[in-house]
Structure formats: C-alpha cells, structure tokens
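Since the structure comes first, as structure tokens, the remarks are kept for the end.
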Amino acid sequence: MPAPEVVRDLEARLGGAARPLGVAVPPEALREAAHRLRDLHGYRYYLLASATCRPGALEVVHGLRNLDTGDTIFLATTVPDGAAELDSLAPVYAGADWYEREVYDLFGVVFRGHPDLRRILMPDDYEGHPLRKEFPLDAPWGYRRPSGEGSA
Amino acid sequence: MGEVARPDARGRPAARSLEEVAEEVVRFPGGGAALIRSGELFRWAQSSSLWPLTLGLACCAIEMMATFAGRFDLDRFGVILRPTPRQADVMIIAGTVTIKMAPRIRTLYDQMPHPKWVIAMGACANSGDHYRHVYSVVPGVDHVIPVDVYVPGCPPTPEALMDGILALQRKILGRKDARA
C-alpha cells in the first residue's frame, strides 16, 4: 500500500494525522535545500546521516531538527550506484562531518567538498565498502598479518 | 605419588606436579633454605604470579571485571591486573577482535616480555562466534597471536574464567591435567 493510502487508512480508522517527515531532493539541490532549511526554516541541528543500498542506486538521508519546534525532517537524495558522488553537508552543518565519513566508509559515497573524507570505522587499507549489496557475504575476512614489528 | 616420573623421548625429565616436587625438596635442619630445581622453582613462581594485561574488547570485559572484583577476587591466585604490556605475563583477550584491532593486539603481545601466555575469553575471541562472517571481525584471536587457553562461553561466567586461569597455571607447571 503506498504511503498516502496508509495515512488515509490510519486517519479513517484510528484518528491518526499525517506529519511531514521527509523531503526527497535531487542531488544537485541538496546543499541549497540544507541552506534553506537551516537559514529560513530554523532546522539548525544536524541529527544523523544514513544510507540505503538499493539495486543500482544509493539513497543518502540526512536528518535535521528544528530545536525550537521539535520538528524533524529527513532530506533524502538518490544517486546512481556506479558514480556515487554527492555534495557534502559538512560545510553547512559541522555535525555532518563524521556521519558522512561513516557513509563513505560503509557505502562508498564520495562527498564533494568534505573537509576530511577518510574511513572512520574500517582500517585505512580495507578494500571495498561492506554495506553495499555487491559486497560478497561470504567474503574472506580480509585480515592480513602486519608486515612488520610494531606496524600498528 | 610413588610412581617415578620417566624422562620423555628427548631425555628431558618429565614434568611433575608440585606435590611430587615437594617430596624431593631438601630442607636444611634449622634453616629456611631448601633445594629445588631452578626450572621448577621458576615455573612455580610464574604460575603463582600471573599478571594479566587485560584486553576488554566487548561484553566479556564485564565478566572479566567481575572476576577481578571482590566477589571472585583473583588476587588470591596471585593474579593482579597490569595496565601495561611491559609488566604483564598473560594476555586476557575478552571480546570480539576486529580487523582494525588485530594489529594493535599483535603489537601489545610483542611488547610483553617472555615468558608469556594468552587466554582467549569467550566465543568471539575463540572463533568469532556469530560474528565470524561479519566483514569487520577476525574469526578467532588465534589468527593474530598464539593462544594457550580457550575459555568457552558467551560470555563465560567468572567461574569459567577462573577455571581457565587455573588451567593455565597447571599448563605452566607442566601437569598432565591441564585440560581438565
């Protein structure tokens, strides 16, 4: 059942009410959308970044909150799987820095304009982005013995 | 007790229990001195003062902390925590070993002075357990460093860890029942 019908169903049966939870924006409009949300609409607090790997596409979601009203909005952007590049929100929200590093680490989305785009969870020499669908489930665990004494 | 320990195939004296050794100790009348083979004295000293470097990597660390605390009190076995590998004899790997942590564990192990032993505590350190196939986990710390005693459990109870430490003491003394 599509989401609007679900909302109508709950409204009719249980007295629920639709609340805006998210906006899907095209990739090129993402940073402008973040600027407007922060400067015009009061969404000054960065909550989280998340991502979903779908067949052929990666969906990146930024969570933003207006601390005056308590409202939360999720900004969703979809980029093609092969060329997963997206404008970074770290210049707009400082809190996005590490979250975008995590999305880069696990999904391989390259954030343009990020101040320090490195892996944050996996080792620096880890190969691949493990939460993408094409990452093999039965992958050899990939650990290699350190090349020398005290290599850490 | 009465049976004489035979040397092994390479002619070295067979490992004996403390009780067997104690029968051979020569006590000088009126004095505090005794004669004992130096190797056995050292093994006895090593087994009686195991100073562990603790590596609490996951939830097993909670049980390990409980084992060191008052209720179970590992001090009475001569087991006293050390905060640095330079002072440690035994490494207790308590928890899941990740690929990123593995080179650090190897470094810490290399920094410990000989002789040194390793206790793998819990299913994750033993084999990776249900994280065995996860992209970030090493399936058992024995891929990184040699392990002397595997303590099973998820997590092992304090009694299980104590049993592992006592098994390591028996192993250091060279006793046949080290596995028990």
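Note on naming: letters A, B, ... go to the chains in the order of the sequence lines (proteins, then strands), and numbering restarts at 1 for each one. Reckoned from all heavy atoms, side chains included, excluding hydrogens, waters and symmetry mates.
- Scanning residues 113-121 of chain A against chain B with a 4.5 Å heavy-atom cutoff picks out I120(A), L121(A), ordered by number.
- For F72(B), the CZ atom sits in a packed shell: over 12 heavy atoms of surrounding residues, nucleotides or ligands are nearer than 6.0 Å.
- Follow the hydrophobic side-chain contacts under 4.5 Å out from L161(B) and you never reach I80(B); the two are in separate clusters.
- Surrounding OH of Y109(B) are more than 12 heavy atoms belonging to other residues, nucleotides or ligands, all under 6.0 Å away.
- Clustering ILVMFWY residues whenever any of their side-chain heavy atoms sit less than 4.5 angstrom apart, transitively, puts L21(A) in a cluster other than the one holding V6(A).
- Atom OH of Y131(B) is surrounded by 12 or fewer heavy atoms from other residues, nucleotides or ligands within 6.0 Å.
- Applying the salt bridge (charged side-chain N to carboxylate O under 4.0 Å, His left out) test to pairs two or more places apart or on separate chains, those with a residue in residues 84-98 of chain A are E85(A)-R112(A), D87(A)-R112(A).
- Of all heavy-atom pairs between Y135(B) and F135(A), the closest is CB-CE2, 3.9 Å.
- More than 12 heavy atoms of other residues, nucleotides or ligands shown are found within 6.0 angstrom of CZ on R76(B).
- The two residues M122(A) and K100(B) come nearest to each other via the heavy atoms O-NZ, 3.6 Å.
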